[in-house]
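Since this is a predicted model, take the numbers as computed values, not measurements.
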Amino acid sequence: MIKREWGVFPIGDDGLRQHEAETFLKTAERAARDLRLAEGAVLNRVVGGLKAGQVCGVLSFQSRSLEILPKIDGTGSESRLALIRMLSVVNDLRVSDGELAQLQTQRRDLLELLIALFARRLTKAMKGGLQRHYMRHEDDLPFVRGNINIGQQLTKRPVAPTKLFCEFDELSENTPLNRLLKAASLRLRGISRSSETQRLLQIILDAFRHVGRSNRPLAELIQSDRSAAAFADIIPLARLLLSGDWQNTTSGNTTGTALLFPMNDLFERYIARRAQQTLGRGIVHKQHFKHHALSNQLFRMIPDIVIEYKNEPVIIDTKWKQLDTGDTQKLGIAQSDIYQMLAYGHSYAANGARPRLVLLYPHHAALRRSEGVLRRWSVTGSELPLTIATVDISKRRSPVRWRELFEQIAPEEHAGSPVS
């Protein structure tokens, strides 16, 4: 079943059975705790169903799944593609149009798509062979191999040296990279409902039979060398699917599983990453702490994104909310959001800068104009500029189009040279 954010999954003859609804609700509650969200932030019981929150992704139970997609313009498949693009940018997945076309995005939910992507990428990379590294070993042998450890030899066999204590290097497949990939494959084989994907994962696991199991796969230290190059696009995907920091893929005490992404966080990270790719990491900072609200160094000011143009920083606060076209004056912007921007502006201005303030929202068709700047206001008294702008998440745009968008939202004019 597929719904957008805030949609209701019905319970009854045309929807979920009661026991399925209870399992999905328990899975959602556990996921909310793992994501440090309020109770009911993922799914909330309402009359006749379960209402989705502002979290996108998939909850699965046996053969059923509930998929929550972003509330943006377009079909369900287009919303799913937009979500995948956001995840790809934020997590360095580098998903191409060709890969998405092969995965049949209109027929699979987000979780199955990511698992299938992992299985196909890893199967292709393994055709060149598994990574192998020389590992240091110590052993008692009847013959010399490598070097004899004289100290150990005299300690263990000082009189009857029937065996020699040797230190030697041996080529092994039991590398940190392979342990990470094996852990992901084991986990995903138990989650996927696709027989084809399960078959690929079993072939992968057969090839990893000489690789040990890792108790902490996300802590494996992987070296970026030539032997890991073929797996470079698989490592971040494996980590995403194993990570427990801001999504949950563990089954816990029920048979349900979940892969979920709070859209406020994802939207903020997506815009920050696009800004860094477009304008340069040296001047674009996410969750940037520089000033306090009070003179006694209390209450840190932490804007979502700061573009550090010389003397005129651009402070961007992202809001995953739909602007209200019926409110022609204020666009439905929350008063608290304006107060927050005023606090940022006052703090930066008090420290000698002339900041430019931007509230950035997702675009939607009801706005009846293209994405970019909707309003340019100024703060009473200080005349600091406050811009209201949108970005169309449903679009796939080129780097040139991203640069044009950021130049419109946060122009460098009057700002001098970027600060490196």
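For the pair F9 and L16, the tightest heavy-atom approach, listed with the atom from each and the gap, is CB-CD1, 4.3 Å. Closest non-hydrogen pair, G129 versus F231, comes out as O-CZ, 3.8 Å. Taking all atoms of both residues into account, the shortest heavy-atom contact from P355 to I315 is CB-CD1, 3.9 Å. Nearest heavy-atom pair across G74 and S79 is O-OG, 4.2 Å. P10 and M1 get closest at one heavy-atom pair: CD-CE, 3.4 Å. Nearest heavy atoms, Y270 versus R85: CE1-O, 4.2 Å.
Taking 4.5 Å as the limit, some side-chain heavy atom of L386 sits within range of a side-chain heavy atom of I338. Counting only heavy atoms from C-beta outward, the side chains of R64 and F24 approach each other to under 4.5 Å. When side chains are defined from C-beta on, T257 counts as touching L111, because their heavy atoms get closer than 4.5 Å. The closest side-chain heavy-atom distance from D109 to R193 is below 4.5 Å. In this structure the side chain of D169 reaches within 4.5 angstrom of the side chain of R136, judged on heavy atoms. Counting only heavy atoms from C-beta outward, the side chains of L110 and F261 approach each other to under 4.5 Å. Contact annotation: the side chain of V314 never approaches that of V306 to less than 4.5 Å [non-hydrogen atoms, C-beta and beyond]. Residues Y348 and R356 form no side-chain contact, since every pair of their non-hydrogen atoms from C-beta on lies 4.5 Å or further apart.
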Determine whether R189 and L205 satisfy the following criterion, side chain to side chain contact (heavy atoms under 4.5 Å, CB included), listing intermediate values before the conclusion.
CA-CA 9 Å; R189 184 187 59 178; L205 289 169; 3.6 Å; yes
Derivation of the side chain to side chain contact (heavy atoms under 4.5 Å, CB included) call for H133 and M135
CA-CA 6 Å; H133 280 170; M135 304 289 185; 4.0 Å; yes
Test salt bridge (Lys or Arg N to Asp or Glu O under 4.0 Å) on K319 and D337 and set out the steps.
CA-CA 9 Å; K319 301 293 182 185; D337 293 341; 3.2 Å; yes
Under the side chain to side chain contact (heavy atoms under 4.5 Å, CB included) rule, what do M126 and F208 come out as? Steps first, then yes or no, please.
CA-CA 10 Å; M126 288 171 59; F208 279 133; 4.3 Å; yes
Could you go through the salt bridge (Lys or Arg N to Asp or Glu O under 4.0 Å) check for R401 and E404 one step at a time?
CA-CA 5 Å; R401 290 290 298 134; E404 291 175 354; 2.4 Å; yes
Taking it one step at a time, do R239 and E220 satisfy salt bridge (Lys or Arg N to Asp or Glu O under 4.0 Å)?
CA-CA 10 Å; R239 286 177 170 154; E220 295 284 1; over 6 Å; no
Determine whether L122 and S185 satisfy the following criterion, side chain to side chain contact (heavy atoms under 4.5 Å, CB included), listing intermediate values before the conclusion.
CA-CA 9 Å; L122 186 50; S185 300; 3.8 Å; yes
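Within the structure, no pair that satisfies the salt bridge (Lys or Arg N to Asp or Glu O under 4.0 Å) test touches residues 222-232, not counting sequence neighbours.
H210 places no side-chain N or O within donor-acceptor distance of the main-chain N or O of N174, the cut-off being under 3.5 Å. Using a distance-only test at 3.5 Å, with no hydrogens or angles considered, no donor-acceptor pair links the side chain of E308 to the main chain of P313. With hydrogens and angles disregarded, no donor-acceptor distance shorter than 3.5 Å links the side chain of D92 to the backbone of P236. A donor-acceptor pair under 3.5 Å is absent between the side-chain atoms of D304 and the main chain of D317, judged by distance alone. Of the possible polar contacts, one joining the E371 side chain to the D392 backbone as a donor-acceptor pair under 3.5 Å is found. Not a single donor-acceptor pair under 3.5 Å links the side chain of H346 to the backbone N or O of M341. For T27 (side chain) and T23 (main-chain N/O), a donor-acceptor pair under 3.5 Å exists by modelled atom type. Proximity of a side-chain donor or acceptor of R281 to a complementary backbone N or O of R273 within less than 3.5 Å is not detected. In this structure, R179 contributes its side chain and G212 its backbone to no donor-acceptor pair below 3.5 Å. Side-chain atoms of E99 come within 3.5 Å of backbone N or O of S96 as a donor-acceptor pair.
Remark: S243 OG to L218 CG distance equals 6.0 Å, nearest 0.5 Å. To the nearest 0.5 Å, atom NZ of residue K321 and atom CG of residue L331 are 13.0 Å apart. To the nearest 0.5 Å, atom CG of residue L181 and atom CD1 of residue I234 are 6.5 Å apart. One finds the CG atom of L279 at 4.5 Å from the OH atom of Y309 (value rounded to the nearest 0.5 Å). With values rounded to the nearest 0.5 angstrom, Q322 atom CD is found 8.0 Å from L367 atom CG. Expressed to the nearest 0.5 Å, how far CD1 of I393 lies from CG of L81 amounts to 13.5 Å.
A side-chain donor-acceptor contact under 3.5 Å links E167 and N149. Remark: the S394 side chain and the E78 side chain contain no N/O donor-acceptor pair separated by less than 3.5 Å. N264 and E268 share no donor-acceptor pair across their side chains, judged by distance under 3.5 Å alone. Between the side chains of R94 and S88, no donor-acceptor pair of N or O atoms lies under 3.5 Å. A donor-acceptor pair shorter than 3.5 Å can be found between the side chains of R274 and Q277. Using modelled atom types, one finds a donor on one side chain and an acceptor on the other under 3.5 Å when comparing T387 with R376. Between the side chains of E5 and W320, at least one donor N or O lies within less than 3.5 Å of an accepting N or O.
Heavy-atom neighbours of Q223 CD from other residues, nucleotides or ligands within 6.0 Å: at or below the threshold of 12. At most 12 heavy atoms of other shown residues, nucleotides or ligands fall within 6.0 angstrom of atom CZ in R17. Atom CG of L221 has 12 or fewer heavy atoms from other residues, nucleotides or ligands within 6.0 Å. Taking a 6.0 Å sphere around CZ of R213, one finds it holds 12 or fewer heavy atoms contributed by other residues, nucleotides or ligands.
Between E29 and K26, none of the side-chain N atoms (NZ, or NE/NH1/NH2) sits under 4.0 Å from a carboxylate O, so this pair counts as no salt bridge. Using a cut-off of 4.0 Å between Lys/Arg side-chain N and Asp/Glu carboxylate O, R45 and E22 are scored as salt-bridged.
None of R80, K3, R4 except one satisfies the side chain to side chain donor-acceptor pair (under 3.5 Å) rule with E67; the exception is R80.
Annotation: side-chain contact (heavy atoms from CB on, under 4.5 Å) contacts of S192 (sequence neighbours excluded): E112, I115, S194, T197, Q198.
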